[in-house]
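A short worksheet on the structure shown next.
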Protein chains: 2
Amino acid sequence: MTEPKTPEVAATRAPAKKHARDGKPNATIYDIAKVAGVNPSTVSRALTKPGRVSAKTQKLIEDAAAELNYQVNPFARALPTGRTNTFGLIVADITNPTFFDIIRGAETTATLRDYTLVLAESAESAVTELTAARRMMATVDGLILASPRMNDDDIRRLARDKPVVVINREVDGVPCVVPDVNKGISEAVRSLAANGHTKVAFVAGPPQSWMSARRWDGVQAACEWSRLEAVRLESTKPTVDGGRQVARDVRASGATAVLTYNDLLAIGLMQELQAAGMVVPDQISIVGFDDIFGADFTTPPLTTVRSPLGKCGAGAATLLLDLLHGAGEPAATLRVETELVLRGSSGRLLPAG
Amino acid sequence: MTEPKTPEVAATRAPAKKHARDGKPNATIYDIAKVAGVNPSTVSRALTKPGRVSAKTQKLIEDAAAELNYQVNPFARALPTGRTNTFGLIVADITNPTFFDIIRGAETTATLRDYTLVLAESAESAVTELTAARRMMATVDGLILASPRMNDDDIRRLARDKPVVVINREVDGVPCVVPDVNKGISEAVRSLAANGHTKVAFVAGPPQSWMSARRWDGVQAACEWSRLEAVRLESTKPTVDGGRQVARDVRASGATAVLTYNDLLAIGLMQELQAAGMVVPDQISIVGFDDIFGADFTTPPLTTVRSPLGKCGAGAATLLLDLLHGAGEPAATLRVETELVLRGSSGRLLPAG
DNA sequence: CTGAAAGCGCTTACAG
DNA sequence: CTGAAAGCGCTTACAG
């Protein structure tokens with residue numbers, strides 16, 4: 001005869017591998033239910049929406065949870081609800097200081113509101129960016145795109161799936177956070193005018209940059225107001241190196257003051273001009289944009305139009321969170337102020353001699 | 001008579017809220033199974049471990065998946081397996097440039113190996129750091145701690161739960177990635193000796209900093225070798241401001257060359273010394289540590305001992321991923337080389353006069 | 001206020 | 001090679 005089958009004793013299925021590599025696996029609401037002597041669904045209620053459970057039961061459950069060192073399993077929670085308490089932030093370049101404060105601002109408000117921040121980088125590529133965004137969409141409740149490189153339609157398409165907030169760019173129908181350049185620029189231009197400058201050059205950023213266009217607009221308007229002549233110069237790339245390369249065009253332009261698309265360009269430009277023997281600001285004034293980390297390391301320290309990047313990050317996160325919780329208008333644009341930070345690289349023009 | 005109950009027609013439960021805010025919810029493996037005419041479990045196999053399914057079925061399933069624009073639900077996947085394809089990185093300060101390249105290095109290798117990076121910041125607080133770490137542990141497969149502030153035991157405790165890799169510090173029993181300071185320091189000290197310096201000062205970092213201690217050790221050893229006198233000075237904080245504040249001690253020390261715990265200190269020190277009329281490097285040589293972003297913005301640009309921070313981030317991520325996939329030794333320490341980056345802030349001492 | 005049950009979308013032993 | 005079933009740990013309508 002063959003051995004009798006005894007299904008009752010059949011090997012129980014091996015439990016899924018637990019996180020803990022030693023000893024106790026994480027406690028579940030079932031463990032709590034057992035200890036507290038209630039149904040698991042009651043535990044779930046007590047833990048998610050206090051108030052629906054009697055004070056007594058609530059306490060029982062909380063004590064049991066504490067005793068067992070209970071931690072919810074976010075995946076188990078996400079599965080039925082679809083909510084993850086996580087949002088994504090995609091930046092063009094993690095090592096570009098422009099994004100540091102944005103990241104910090106977003107991270108801080110995320111943590112404050114009990115959300116987790118997931119970070120990805122597009123390496124300045126629209127394709128990489130879109131791929132990263134699509135990928136993230138699966139695991140986050142919402143997405144922040146800082147200075148996105150992809151086109152408006154792609155952004156709107158993403159925004160149909162889940163809340164998306166854009167920083168440093170305006171996209172129709174999508175909530176955005178953008179620094180309003182006008183105040184900072186007019187302060188800068190007025191300061192230059194007061195110091196005797198009559199012709200200013202603007203060194204532009206990448207052609208596709210939405211922000212570069214806004215800044216050039218602002219410079220033109222402010223110059224018109226102050227009766228200064230404004231000329232626009234192109235850069236090869238928005239970096240220190242690009243700043244060096246544009247130096248000869250700047251000299252050729254005859255301008256005695258320069259505003260650049262960003263601080264990196266300003267720093268490179270200043271280095272190159274100084275290497276050629278020019279004295280800043282006696283012979284030429286230089287004004288950057290953003291007030292990045294390191295802008296005051298130069299000699300003279302850089303005058304710049306500061307964008308409140310940290311505020312942008314925090315504002316975007318707040319907007320997103322509000323959207324997720326049903327508050328806030330769908331597609332409001334949040335404008336944050338810019339301001340002139342007057343340092344040593346701009347000032348009075350000395351008479352030639 | 002009461003109405004007869006017709007359980008078959010009982011209202012079906014409302015489906016959980018879907019991600020998509022408009023139209024089609026995401027396709028599931030059940031949808032694919034239907035289209036491909038196979039069992040969902042077969043779909044799962046085809047999608048996770050190709051090779052266990054006949055080529056024909058495989059193709060059928062892949063086509064269906066493509067057609068339905070299928071995306072796995074990471075939460076559903078994580079629940080039975082416990083694996084999330086995510087790892088965490090905790091840094092002390094998101095706006096400290098030392099971490100930029102670490103973050104980038106980690107992010108790049110994560111993405112390359114199909115992992116997602118979750119970022120958190122401890123704001124230089126050991127408590128916040130531990131909280132963030134515990135919190136992350138629930139959702140990641142492993143954790144990277146960059147320059148952690150918590151104590152060794154807490155780190156080891158975390159490491160018992162899931163793989164943990166530490167950067168910029170050595171913790172017994174935990175895999176670490178640390179820059180080996182000796183090469184860079186001895187290059188720096190030899191260069192100073194060759195330029196006629198005989199007494200060098202080291203401006204230390206925070207007392208609890210493991211790395212500061214290593215650097216001071218290295219400076220002492222290298223000075224002994226080159227027969228230079230080495231003195232140690234304390235700083236109040238490892239920032240530009242801290243560098244300014246230590247300037248008077250530096251002058252009082254009589255040293256003609258200074259190595260500082262980090263570049264920020266070096267930059268602040270240089271600014272203050274120059275403001276007092278000293279010429280760098282003619283009257284004093286300054287050497288920083290790390291080669292952070294902006295170290296070359298100064299005039300003269302900063303000589304510094306570069307730590308390959310990007311490599312640290314990437315190395316830590318690789319170590320972690322290997323650990324997660326069962327390769328690699330449990331607690332190996334990965335050492336990366338440092339090197340001197342010779343720029344203008346160090347050089348020959350000019351005879352006084 | 002609380003219990004019992006179904007379901008979220010996967011994975012994976014177990015049979016065949 | 002493939003199907004049928006159980007289970008991962010939660011949440012939430014449905015009853016009472």
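What you see is a predicted model; the values in this text were computed from it and never measured.
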**Q.** B:Lys56 NZ to D:dC1 P, straight-line distance once rounded to whole Å
**A.** 13 Å
(Q) I'd like to know if the side chain of B:Arg135 reaches the main chain of A:Asp114, judged simply by a donor and an acceptor atom lying under 3.5 Å from each other, with no hydrogens or angles considered. (A) yes
**Q.** Residue B:Thr48, side-chain heavy atoms: nucleotide from C:dT11, D:dC10, D:dG9 that is nearest
**A.** C:dT11
Q.
Without decimals, in angstroms, what is the distance between B:Asn85 CG and C:dT11 P?
A. 11 Å
Q | Base C:dC8 to side chain B:Tyr30, donor-acceptor N/O within 3.5 Å cut-off | A | no
Q: Apply side-chain contact (heavy atoms from CB on, under 4.5 Å) to A:Thr42 and A:Thr57, showing your working.
A: CA-CA 9 Å; A:Thr42 304; A:Thr57 314; 3.9 Å; yes
Q. Roughly, in whole Å, what's the span from CD in A:Gln58 to C1' in C:dC1?
A. 12 Å
Q) Salt bridge check: are B:Arg149 and B:Asp154 linked by an N-O gap of less than 4.0 Å? A) no
**Q.** Length of the line joining B:Leu47:CG and C:dC10:C1', which is rounded to integer Å
**A.** 11 Å
Q | Close residues, residues 31-46 of chain B, relative to DNA chain C [heavy-atom separation under 4.0 Å] | A | B:Ser41, B:Ser44, B:Arg45
Q. Based on Watson-Crick and G-U pairs with both distances under 3.5 Å, what dot-bracket line describes DNA chain D 5' to 3', crossing pairs as [ ] and inter-strand pairs as |?
A. |||.||||||||.|||
(Q) Can you measure A:Arg83 atom CZ to D:dT12 atom P for me and round it to whole angstrom units? (A) 9 Å
Q: Show your reasoning for whether side-chain contact (heavy atoms from CB on, under 4.5 Å) applies to A:Thr139 and A:Thr84.
A: CA-CA 7 Å; A:Thr139 58; A:Thr84 68; 5.7 Å; no
**Q.** Atom-pair distance (CD1 on B:Ile61; C1' on D:dT2), nearest Å
**A.** 10 Å
Q) Charged N to carboxylate O below 4.0 Å: is that the case for B:Asp161 and B:Arg134? A) no
Q. Under 4.0 Å between a side-chain N or O of B:Arg77 and OP1 or OP2 of C:dT11?
A. yes
Q.
Rounding to an integer number of Å, can you tell me how far B:Leu79 CG sits from D:dC10 C1'?
A. 8 Å
Q. Given C:dT11, C:dG9, D:dC1, which nucleotide is nearest the side-chain atoms of B:Ser54?
A. D:dC1
Q) Under 6.0 Å from the CZ atom of A:Arg156, do we count more than 12 heavy atoms belonging to anything else shown? A) yes
Q: Could you check A:Ile90 against A:Glu121 for side-chain contact (heavy atoms from CB on, under 4.5 Å), going step by step and ending with a plain yes or no?
A: CA-CA 5 Å; A:Ile90 301 185; A:Glu121 174 186 41; over 6 Å; no
Q: Keeping the roles fixed (side chain from A:Asp141, backbone from A:Arg83), state whether a donor-acceptor pair exists under 3.5 Å.
A: no
Q. Rounded to the Å, how far apart are A:Lys59 NZ and C:dC1 C1'?
A. 19 Å
Q. Between A:Asp101 and A:Arg104, is there a salt bridge with N-O shorter than 4.0 Å?
A. no
